[in-house]
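Report on the following structure.
All ligand and atom numbering here is 1-based and tracks the order in the structure.
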Amino acid sequence: MNILVVGSGYVGLVSGTCFAELGHKVFCIDIDEKKINSLQSGKIPFYEPELADLVIKNIQSQSITFTTKLAESLNQADLVLICVGTPPKQTGQADLKYIFQAVEEIGKNLTKYTVIVTKSTVPVGTAQKIKKIISKNYNGEFDVASCPEFLREGSAVKDFMNPDRIVIGTENQRASDLSNELHEKLDCPKLETNLETAEMIKYASNAFLATKISFINEIANVCENVGADVEQVAEGMGLDTRIGKAFLRAGIGYGGSCFPKDVRALHHVAGQTGYPFQLLKAVVEVNNQQRWLFYKKIKDELKCLENKTIAVWGLSFKPDTDDVRESIAIDIIEKLVEDGANVKAYDPEAMKNTQEILGDKIQYCFTADFALENADCLVIITDWDEFKLVKFENIKSKMKTPLIIDGRNMFDGEKLSSQGIKYISVGR
Ligand code: UGA
């Protein structure tokens, strides 16, 4: 099939490249000419495992083309995938201006029957609004569909190629047949719904996963008061197949461009319909509180932070990405700096993006080891695998005081204390 992907950001680039890999002919467009030029030469604008190789392979086989010209590729496309961003407004509401701009342009340039599929995360009712905008600009036949994506940053290519499910929201057989053909090679349950249900499944899934995280974080806080170990509690809960062990890792709370935005957006949508979604309000509050409870551990241990040297490992909102959007590391570091500490930070991929936000407020270190030199404390914020490889002897010999405060429960406390390192983690 011929596919036009509108928006070559995270969702668009991963989906477009993977659909090309599955045998479709893909055109990826973006209004950002600089981005398109660099994509044409195989350079991807963010770090995502496996993606760069796949982009280059599909450029070479001419399965994927990057362009800024919508009209030319639109008249060849069977389906258009809308993959533009839906950033949050101050109110928590999703800002749909990029979606509507893209759709208006599509409507003005359509010349034949096409299915317009939304992949971006959008509030319930958006597909119907898209339909109206296209109808205003185009008199011919077309359909809309909603096929939300469930990719995680850091494992997006794997998630795309091995999905748990595909949700296909349509209004008629013709759109359903084409949407099914698009996903034909992906072997997993395919759930057919109406447009509104498909849109809701995406929000409900993200909100539920965020709820699991806030739940286990509250359990962790209680564990600390009663002498229980949250890691074992999560394991014990997760063995119950009705609960499952995924997303029960306690820590400093969730960040990133999806959960914080989507939970607030669903809470807002529910409120607008007259239903106050109480549970989600608490999920957000617990998540906001969790980072400051962690910060208190640093303060309690070091008492005064003025002129203390703090090594920080991990800046991205999670491992295997360079994304620092809503990364809790940024909040914690800003507070450390405000309290007078000298921060020496290290992250395998996210240093450049962090520097754009924090500038020269902190010192950026080339290695995890280097950040440890002369530090009064090591604070772990993101659980990159490579941190597990650092030798305990190095930690002890390089630091001024061998103290680790770990927001991701990466290490075994008993092992560290047997080496003379004080170790404080979350919920144990
Ligand atoms: C999330 C969803 O997992 C994807 O299914 C969805 O497609 C995506 O949002 C989206 O809407 O586009 P992502 O934000 O990439 O994916 O990352 P996650 O792996 O879900 O992690 C989100 C945050 O929760 C991270 O800060 C992570 O550290 C935190 N987390 C995750 C925990 O604190 N504990 C856990 O047990 C799991």
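- For atom 1 (C) of ligand 1, the closest non-hydrogen atom on the protein side is F259 CE2, 3.5 Å.
- Scanning I213, L151, T382 for the heavy atom closest to atom 29 (C) of ligand 1 points to I213.
- Between the side chains of Q289 and E218, no donor N or O sits under 3.5 Å from an acceptor N or O.
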| side chain to side chain donor-acceptor pair (under 3.5 Å) assessment of E192 paired with S176 | CA-CA 8 Å; E192 301 241 12; S176 156; 2.9 Å; yes
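- For the pair D322 and Y47, the tightest heavy-atom approach, listed with the atom from each and the gap, is OD2-N, 3.1 Å.
- Nearest non-hydrogen protein atom to atom 5 (O) of ligand 1 is F150 O, 3.1 Å.
- With hydrogens and angles left out, the side-chain atoms of E33 and N37 include no donor and acceptor closer than 3.5 Å.
- Of the protein's non-hydrogen atoms, the one nearest atom 34 (N) of ligand 1 is R249 O, 3.0 Å.
- Contacts of T321 with ligand 1, taken as heavy-atom pairs under 4.0 Å, are absent altogether.
- Only the backbone of L248 comes within contact range of ligand 1, with a heavy atom under 4.0 Å; no side-chain atom does.
- In plain terms, the two heavy atoms of T382 and P319 that are nearest each other are CG2-N, 3.5 Å.
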| query | Can you check side-chain contact (heavy atoms from CB on, under 4.5 Å) on F160 and L186, steps first, answer last? | reply | CA-CA 9 Å; F160 187 97; L186 294 168; 4.0 Å; yes
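- Of the protein's heavy atoms, F247 CD2, 3.4 Å lies nearest to atom 37 (C) of ligand 1.
- Considering backbone and side-chain N/O of T121, none are found under 3.5 Å from N/O of ligand 1.
- Heavy atoms of V11 stay at 4.0 angstrom or farther from ligand 1.
- No side-chain heavy atom of S327 sits under 4.5 Å from any side-chain heavy atom of L315.
- With E149, E153, R152 as candidates, the residue nearest to atom 3 (O) of ligand 1 on a non-hydrogen basis is R152.
- Among the candidates K202, R165, K119, the single residue satisfying the salt bridge (Lys or Arg N to Asp or Glu O under 4.0 Å) test with E149 is K202.
- Looking from atom 14 (O) of ligand 1 to the surrounding protein, the closest heavy atom is F317 CE1, 3.7 Å.
- In terms of polar-atom proximity, G255 is counted as a contact of ligand 1, with an N or O under 3.5 Å from an N or O of the ligand.
- T67 and T65 are not linked by any side-chain donor-acceptor pair at a separation below 3.5 angstrom, with hydrogens and angles left out of the test.
- Shown in contact with N206 at under 4.0 Å from a heavy atom are these atoms of ligand 1, numbered in order with element: 2 (C), 6 (C), 9 (O), 10 (C), 11 (O).
- Of the listed options K318, R408, K212, R408 places a heavy atom closest to atom 33 (O) of ligand 1.
- Residue contacts with ligand 1 leave out G251, since none of its heavy atoms falls under 4.0 Å from the ligand.
- Near D262, the atoms of ligand 1 lying under 4.0 angstrom from a non-hydrogen atom of the residue are 11 (O).
- Aromatic ring centroids of F46 and Y10 lie under 6.0 Å apart.
- Taking a 4.0 Å cut-off on heavy atoms, C258 registers as neighbouring ligand 1.
- K297 has a carboxylate O that lies under 4.0 Å from a charged side-chain N of E224, or vice versa, which qualifies the two as a salt bridge.
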